[in-house]
Amino acid sequence: MKRKGFLALLLMLPLGLSTWAQTDTLPEGMSKDIRTPEGLRALVDRKDPRFVIVDVRSPDEYAAGHIPTAINIPDGVTADMKAPPAKDKYMVVYCHGGRKSPAAGEKMLANGYKHVFVWGGILGWPYAREVSPK
């Protein structure tokens, strides 16, 4: 009986993995350097105008502390934004723990953004966070 339960779990595993999928549509090799906190921090420090760091958490979560230079696009939906980022920018998307950012990245791709990289969650950011004034 234990064996059947284990096999059922193995068969269901691929269904659960899709929600954790890494969205990476950056040109060949570009995401290699930003996969780690150190790499993303170097990108933040460079202030490369081709990249937009996107926090997809709620406005309150964003205001409480976000990765420096990040903009807030809750759930990855740009429809309500007055001036959304250009669709040809390289979008680096993160959330709190890394579970919501893949879905937000997929929404951005469906909305016409060409280059989306899901970084994960701010819990993996060991550096200082910017706080927005209230």
Side-chain angles (χ1 to χ4, degrees):
M1 190 62 152
K2 288 181 181 179
R3 185 175 182 192
K4 286 183 182 179
F6 179 72
L7 289 174
L9 178 63
L10 283 178
L11 290 173
M12 291 177 57
L13 188 61
L15 297 174
L17 288 179
S18 63
T19 60
W20 293 89
Q22 175 74 21
T23 301
D24 180 1
T25 59
L26 296 185
E28 183 84 23
M30 287 187 86
S31 60
K32 176 182 64 166
D33 296 334
I34 60 174
R35 289 188 189 281
T36 64
E38 299 80 17
L40 185 57
R41 183 174 181 182
L43 176 68
V44 168
D45 291 343
R46 279 196 313 265
K47 294 180 173 79
D48 188 330
R50 299 174 302 164
F51 286 85
V52 178
I53 300 171
V54 179
D55 186 320
V56 298
R57 299 175 299 153
S58 73
D60 288 340
E61 291 174 302
Y62 172 82
H66 54 272
I67 294 175
T69 74
I71 64 169
N72 187 220
I73 304 177
D75 296 320
V77 178
T78 59
D80 296 333
M81 293 182 75
K82 290 181 182 174
K87 302 224 175 177
D88 62 345
K89 296 282 187 179
Y90 300 120
M91 311 302 281
V92 179
V93 179
Y94 74 92
C95 61
H96 178 73
R99 294 183 75 183
K100 292 181 181 179
S101 50
E106 291 295 331
K107 286 179 188 176
M108 295 185 88
L109 286 169
N111 193 30
Y113 285 89
K114 295 177 176 76
H115 309 291
V116 178
F117 175 77
V118 173
W119 190 78
I122 197 166
L123 290 179
W125 181 256
Y127 306 108
R129 299 176 186 183
E130 284 185 349
V131 178
S132 298
K134 292 189 178 193

Hey, is the main chain of Val93 close enough, under 3.5 Å, to the side chain of Ser101 for a donor-acceptor pair? no

So, for Met108 and Ile73, which heavy atoms are closest and what is the spacing to 0.1 Å?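 Met108 and Ile73 have their closest heavy atoms at CE-CD1, 4.1 Å.
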
Only one of Val54, Leu109, Val92 clears side chain to side chain contact (heavy atoms under 4.5 Å, CB included) with Val116; which? Leu109

What's the shortest heavy-atom distance between Pro37 and Gly124, and which atoms?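 In terms of heavy atoms, the two residues are closest at CG-O, 3.2 Å.
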
Can you measure from OG1 (Thr25) to CD (Glu106) and round to the nearest 0.5 angstrom?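 The distance works out to 9.0 Å.
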
Any pair with a residue in residues 46-72 that passes salt bridge (charged side-chain N to carboxylate O under 4.0 Å, His left out), sequence neighbours left out, goes on the list, sorted by first then second residue, please.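 Of all non-adjacent pairs touching residues 46-72, those that pass salt bridge (charged side-chain N to carboxylate O under 4.0 Å, His left out) are Asp48-Arg50, Asp55-Arg57.
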
Nearest-0.5 Å distance, OH of residue Tyr90 to CG of residue Leu43: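 One finds 12.0 Å between OH of Tyr90 and CG of Leu43.
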
From Arg41 atom CZ to Thr36 atom OG1, the distance as rounded to the nearest 0.5 Å: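 Between Arg41 CZ and Thr36 OG1, I get 11.5 Å after rounding to 0.5 Å.
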
Within the 4.5 Å heavy-atom criterion, are Ile71 and Val52 side-chain neighbours or not? yes

If I compare all heavy atoms of Tyr113 with all of Pro84, which pair ends up nearest, and what's the gap? OH-CB, 3.7 Å

Heavy-atom neighbours of Lys87 NZ exceed 12 at 6.0 Å: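 Counting neighbours around NZ of Lys87, more than 12 heavy atoms of other residues, nucleotides or ligands fall under 6.0 Å, so yes.
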
Under the 3.5 angstrom rule, does the side chain of Lys89 hit a backbone N or O of Pro49 as a donor-acceptor pair?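 Looks like yes, one N/O pair under 3.5 Å.
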
How are the rings of Tyr94 and Trp119 set relative to one another: parallel (under 30°), tilted (30 to 60°) or perpendicular (over 60°)?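 Taking Trp119 first and then Tyr94, their aromatic rings stand perpendicular (interplane angle over 60°).
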
Any residue meeting side-chain hydrogen bond (donor to acceptor under 3.5 Å, both in side chains) with Thr69, in chain and number order, not counting sequence neighbours: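 Listed in chain order: nothing, the list is empty.
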
Can you sort out the partners of Thr78 under side-chain hydrogen bond (donor to acceptor under 3.5 Å, both in side chains), two or more places apart, ordered by chain and number? Asn111

For residues Gly105 and Val118, report the shortest heavy-atom separation together with the two atoms involved. CA-CG2, 4.4 Å

Is His66 reaching over with its side chain to a backbone N or O of Glu130, donor-acceptor style, under 3.5 angstrom? yes

Indicate the ring-plane relationship of Trp125 and Tyr127, choosing parallel, tilted or perpendicular according to the 30° and 60° boundaries.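 Perpendicular.
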
Where Asp24 and Arg35 come nearest, the two heavy atoms and their spacing: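 In this case the closest contact between Asp24 and Arg35 is OD2-NH2, 3.1 Å.
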
Should Ile67 and Tyr62 be regarded as members of a common hydrophobic cluster, given that ILVMFWY residues are connected when their side-chain heavy atoms come within less than 4.5 Å of each other, either directly or indirectly?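 Per the 4.5 Å side-chain linkage, Ile67 and Tyr62 are not co-clustered.
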
Report whether Phe51 and Val44 are members of the same hydrophobic cluster (ILVMFWY, side-chain heavy atoms less than 4.5 Å apart, transitive linking).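 Same cluster: Phe51 reaches Val44 through Ile, Leu, Val, Met, Phe, Trp or Tyr contacts under 4.5 Å.
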
Minimal non-hydrogen separation, Ala104 against Val56, with atom names: CB-CG1, 3.6 Å

Say you draw a straight line from CZ of Phe117 to CD1 of Ile53; how long is it, rounded to the nearest 0.5 Å? 11.5 Å

Heavy atoms from other residues, nucleotides or ligands near CG of Asp80 exceed 12 (cutoff 6.0 Å): no

